[in-house]
Asks: 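If you scroll down you'll find the structure; I have some questions about it.
Read the numbers this way: they start at 1 and go in the same order the structure lists the ligands and their atoms. Note that the structure is predicted; figures quoted are calculated from it, not measured.
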Amino acid sequence: MSIPSKPVMITGASGALGRLLTRELSAAGWTLRLTDIAPFPDPLPEKASFLRYDLADGVAVMRQAEGVGAILHFGGCSVEQPFEAVIGPNLRGLYHIYEAARREKARVIFASSNHSIGFHKRPEGNEAKLDYDCAFRPDGYYGLSKAYGELMGRMYWDKHGIENVNLRIGSCFPKVVNRRMLSTWLSYPDLVRLCQAAVTAPRAGHAVIWACSNNAATYWGKDHRERIGWQPQDSADGARPEVEGIVSGDPVEERYQGGSYTSIEYSRQGGFSAKDAFDLD
Ligand SMILES: NC(=O)c1ccc[n+]([C@@H]2O[C@H](COP(=O)([O-])OP(=O)(O)OC[C@H]3O[C@@H](n4cnc5c(N)ncnc54)[C@H](O)[C@@H]3O)[C@@H](O)[C@H]2O)c1
């Protein structure tokens, strides 16, 4: 995999995935500009610098992005939160990232989420998988902010020619721990390879990728992986015997792709068992 000619910025560098990317991409020889609102907890790699600030600070974002070729945008609210907590980092902060990318003509790699489409039903049997151009069906304010982020990428590509790769991350954790993750798991090495491909692909345009490993039980179908030359190499399948029986028992959570996020403050009238509750899309 080639080394980018310009520095690459990583937001959310102090978070779980930011630390992983920092470690692996610096080991691959990349020059990194890191940022987070929290201190960077690891020794700073050679060829990396770190600035601590809030993504709400547009001037700080602009300054740090000077001269970068790509921004791996992993910072912000990473779980369901009240609306007021989400809008600062995930809406305003994202706008700052895109304005910086516009000025630098940089590519944005956006850590989107399956929660932007979480209220799609899980496919059963031979039911069709979801393609990248399915409707957004966010399962909360967090998922809504990710749909907004993908649409911002759509707009900046159409209007300003700013390339962006939107990674609809399933469940990116070291291990598969429940049945849902047999469908949604993304291994750490597959994420690292995905980010390398997303940054170094000659052309990206506005791309959407289902960011999960090569899982037989996947919910997801077509996307733009060929455009960026990425194929997952790992799979959740081997964990089936240990995790198949690990389910929540919550009928809403088990019905929808977004899992536990769909049932947070769920208050749709009619309840799960009422016949008409789910008949209309
Ligand atoms: N881990 C997953 O399975 C998964 C799944 C879907 C999407 N994602 C997305 O990937 C990204 C990284 O996820 P993670 O698991 O590493 O989350 P994380 O919470 O560990 O990391 C997020 C980082 O963002 C920083 N941050 C929060 N608010 C900020 C602000 N106002 N200004 C600057 N920095 C701020 C936090 O300090 C944290 O270090 C997130 O955008 C998340 O939504 C992750």
Asks: Less than 3.5 Å between some nitrogen or oxygen of Ala16 and one of ligand 1, yes or no?
Replies: yes
Asks: Closest non-hydrogen protein atom to atom 9 (C) of ligand 1, residue and atom name please, with distance?
Replies: Ala111 CB, 3.8 Å
Asks: Is His73 touching ligand 1 with its side chain, its backbone, both, or neither, if touching means heavy atoms under 4.0 Å apart?
Replies: neither
Asks: Which one of Ile37, Thr11, Leu17, Asn114 has a non-hydrogen atom at the shortest distance from atom 16 (O) of ligand 1?
Replies: Leu17
Asks: Check contact between Ser112 and ligand 1, using heavy atoms of the residue and a distance below 4.0 angstrom.
Replies: yes
Asks: Between Tyr261 and His115, how do the two ring planes meet: parallel, tilted or perpendicular, split at 30° and 60°?
Replies: parallel
Asks: In terms of side-chain geometry, is the basic nitrogen of Glu163 or Arg203 positioned less than 4.0 Å from the acidic oxygen of its partner?
Replies: no
Asks: Do the side-chain N and O atoms of Glu46 and Ser26 include a donor-acceptor pair separated by under 3.5 angstrom?
Replies: no
Asks: Do you see a donor-acceptor pair shorter than 3.5 Å between the side chains of Ser112 and Asn166?
Replies: no
Asks: For His73 and Phe110, take the angle between the two ring planes, folded into 0 to 90°, and tell me which bin it lands in: parallel under 30, tilted 30 to 60, perpendicular over 60.
Replies: parallel
Asks: Against ligand 1, does Lys146 come closer than 4.0 Å with any heavy atom?
Replies: yes
Asks: Closest non-hydrogen protein atom to atom 12 (C) of ligand 1, residue and atom name please, with distance?
Replies: Phe74 O, 3.3 Å
Asks: Within the structure, does Gly18 bring an N/O atom to less than 3.5 angstrom of an N/O atom in ligand 1?
Replies: no
Asks: Is Gly76 close to ligand 1, meaning an N/O of one under 3.5 Å from an N/O of the other?
Replies: yes
Asks: Ligand 1 versus Tyr53, non-hydrogen atoms closer than 4.0 Å: side chain, backbone, both, neither?
Replies: backbone
Asks: Say whether Gly170 and ligand 1 are in contact under the criterion: heavy-atom distance to a ligand atom below 4.0 Å.
Replies: yes
Asks: Specify whether Tyr256 and Phe119 have parallel, tilted or perpendicular ring planes, treating 30° as the upper limit for parallel and 60° as the lower limit for perpendicular.
Replies: perpendicular
Asks: Please classify the Ser171 to ligand 1 contact at 4.0 Å (heavy-atom distances, strictly less than): side chain, backbone, both or neither.
Replies: backbone
Asks: Is the closest heavy-atom distance from Ser14 to ligand 1 below 4.0 Å?
Replies: yes
Asks: Which residue supplies the protein heavy atom nearest to atom 18 (P) of ligand 1, what is that atom called, and how far is it?
Replies: Ser78 OG, 3.6 Å
Asks: Hey, are Trp30 and Gln196 close enough side-chain-wise for a donor-acceptor pair under 3.5 Å?
Replies: no
Asks: Given Thr35, Val61, Asp54, Asp36, which one has a non-hydrogen atom that is nearest to atom 30 (C) of ligand 1?
Replies: Asp54
Asks: Ligand 1 and Cys172, any nitrogen or oxygen pair closer than 3.5 angstrom?
Replies: yes
Asks: Cut-off 3.5 Å, side chains only: do Tyr188 and Glu24 have a donor facing an acceptor?
Replies: no
Asks: Backbone or side chain, does any N or O of Gly15 fall under 3.5 Å from an N or O of ligand 1?
Replies: yes
Asks: Would you check the N or O atoms of Ser113, main chain and side chain alike, for any that come under 3.5 Å of an N or O of ligand 1?
Replies: no
Asks: Do you know which two heavy atoms are closest between Arg33 and Glu66, and how far apart they sit?
Replies: NH1-O, 2.6 Å
